[in-house]
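Working notes for the structure below.
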There are 2 protein chains.
Amino acid sequence: MDTLDRILGEWERERPDLDVSALAVIGRLSRYADLVQARLDAVFAEHGLQSWEFDVLSALRRAGDPYELTPGELDRALLITSGTTTHRVQRLESRGFVTRRRDEDDRRVVRVRLTVTGRAAHEAAHAAHADNETRILAGLSEGERAELLGGLKALGRVLGDTLPD
Amino acid sequence: MDTLDRILGEWERERPDLDVSALAVIGRLSRYADLVQARLDAVFAEHGLQSWEFDVLSALRRAGDPYELTPGELDRALLITSGTTTHRVQRLESRGFVTRRRDEDDRRVVRVRLTVTGRAAHEAAHAAHADNETRILAGLSEGERAELLGGLKALGRVLGDTLPD
DNA sequence: GTCTGATATCTTGATATCAAGATGTTTGGA
DNA sequence: TCCAAACATCTTGATATCAAGATATCAGAC
């Protein structure tokens, strides 16, 4: 018996005609994503970072040397709008974690680059974050974890999350 | 090949020492929760509702006749803070979807009740929403869907989402 | 009966986000 | 060459959210 079982039971009582089987899946998906996020946030906070700050630093770190992306690339990598990217980059710039400069060849473009300080901040948080993720899933059996991963991959497919190649 | 596969590949290139297997699960969980939410939002928008408005109306509808909850009960049902509840209820009250009144026996308590208008708005959106959820999952095979549900239930267990009884 | 602590709700101030549009730059065709 | 359309980024205004604290009410100990 969990939160969704209770909710499904309430619908069963109120609207026995409804098919709530999809809600059983989607309701859990969004609820557990929230609960997991709260656990991740707690570790980021211990390292003085917001979750969104870590996300931007991670995207730059993953890009590889010279740890540089454009705002547009950040928009697409992080699924956020351009205004949000502007705001995020400004905040990280004010903390000394990234630098911004115009591209010389195409002056519409900006290059956002991780600083040494930013890379260090990411590095410290990243280790704790990876541990945290591992710990969250540690209570799953091998089979349960494979089940969850397989189910999520299938969901990604139906949501259209596939890349060329 | 999907978005997470690409991200995992980037980490493999940059930090081959890291164990990214937990990220493969948790990254997909949060990404797909976001993608699903965007699809749900689109249908709510067709019915002139924000996702959070639908959530409040649903909680009240599920409560059963007389479709009434206190702000504190809404906090807990929706995993939001009390300030957010105040704001949500004000907005729904201004749209005529709920009424607020003091409890006579315990004057600290407020009773938020779904109006006939609010119930109708919920009803219309709910039918489309349920269809939408069913449609999103329609691309999954029977087995994939069972896999996803089983994996999510196990995750809920390790996240502590269990109720008494 | 009267405090004191607990409880329920609301207020305040800060901030992350988005949609829509403004600004500046490049590109391709006439 | 010049202009229009495409493009990249930033700005503006609105709003949903939270944390922390304020306010009002109740319950229990004495």
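Naming: A, B, ... by sequence-line order, numbering from 1 per chain.
One can place CZ of B:R102 at 9 Å from C1' of D:dT25, the figure rounded to the nearest angstrom. Spacing between atom CG of B:L69 and atom P of C:dA8 amounts to 14 Å, rounded to whole angstrom units. Atoms CG (B:D75) and C1' (D:dC18) sit 12 Å apart, rounded to a whole Å. Atom CD of B:E93 is separated from atom C1' of C:dT9 by 14 Å (rounded to the nearest Å). Rounded to whole Å, the distance from CD on A:Q37 to P on C:dA16 is 15 Å. As a whole-Å value, the separation of A:L92 CG from C:dT15 P is 15 Å. D:dA14 atom C1' lies 12 Å from atom CD of B:Q50, rounded to whole Å. Put simply, CH2 on B:W52 is 10 Å from C1' on D:dT15, counting in whole angstrom units.
Residue A:R88 places at least one side-chain N or O closer than 4.0 Å to OP1 or OP2 of C:dT17. Of the side-chain N and O atoms in B:R91, one or more sit less than 4.0 angstrom from OP1 or OP2 of D:dA16.
Between A:F54 and A:H122, the two ring planes are parallel [angle under 30°; tilted spans 30° to 60°].
Side-chain atoms of B:R108 come within donor-acceptor range of the base of C:dT7, with a qualifying N/O pair under 3.5 Å.
Tracing side-chain contacts under 4.5 Å through hydrophobic residues (I, L, V, M, F, W, Y), one never reaches A:V25 starting from A:L8; they form parts of separate clusters.
Comparing atom distances between the B:Q90 side chain and each of C:dT25, D:dT9, C:dT11 picks out C:dT11 as nearest. With C:dT17, D:dA8, C:dC18 as the choices, the nucleotide that has an atom nearest any side-chain atom of A:T81 turns out to be C:dC18. For B:T84, taking side-chain heavy atoms from C-beta onward, the closest of the listed nucleotides C:dT9, D:dC18, D:dA6 is D:dC18. Checking C:dC18, C:dT26, C:dA8 against every side-chain atom of B:V109, the shortest atom distance belongs to C:dA8. When the nucleotides C:dT9, D:dT11, D:dC26 are ranked by their closest atom to the side chain of B:D106, D:dC26 comes out on top.
Side-chain contact check for A:D2 versus A:R6: every heavy-atom pair is 4.5 Å or farther apart. Contact of the B:L4 side chain with the B:R31 side chain is registered, since non-hydrogen atoms from C-beta on lie closer than 4.5 Å. Counting only heavy atoms from C-beta outward, the side chains of A:D75 and A:T81 never approach each other to under 4.5 Å.
A donor-acceptor pair shorter than 3.5 Å cannot be found between the side chains of B:T99 and B:E93.
Both A:S82 and B:V89 lie near DNA chain C, and the one whose nearest nucleotide falls closer to the 5' end is B:V89. Take the nearest nucleotide of DNA chain C for A:H87 and for A:D105: the residue whose nucleotide is more 5' is A:H87.
At a threshold of 4.0 angstrom between heavy atoms, the contacts of A:T85 with the nucleic acid are absent. As judged by a 4.0 angstrom heavy-atom cut-off over every strand, B:R111 is placed among residues making no nucleic acid contact. In this structure, A:G83 reaches the bases: a heavy-atom distance under 4.0 Å links it to at least one base atom across the strands shown.
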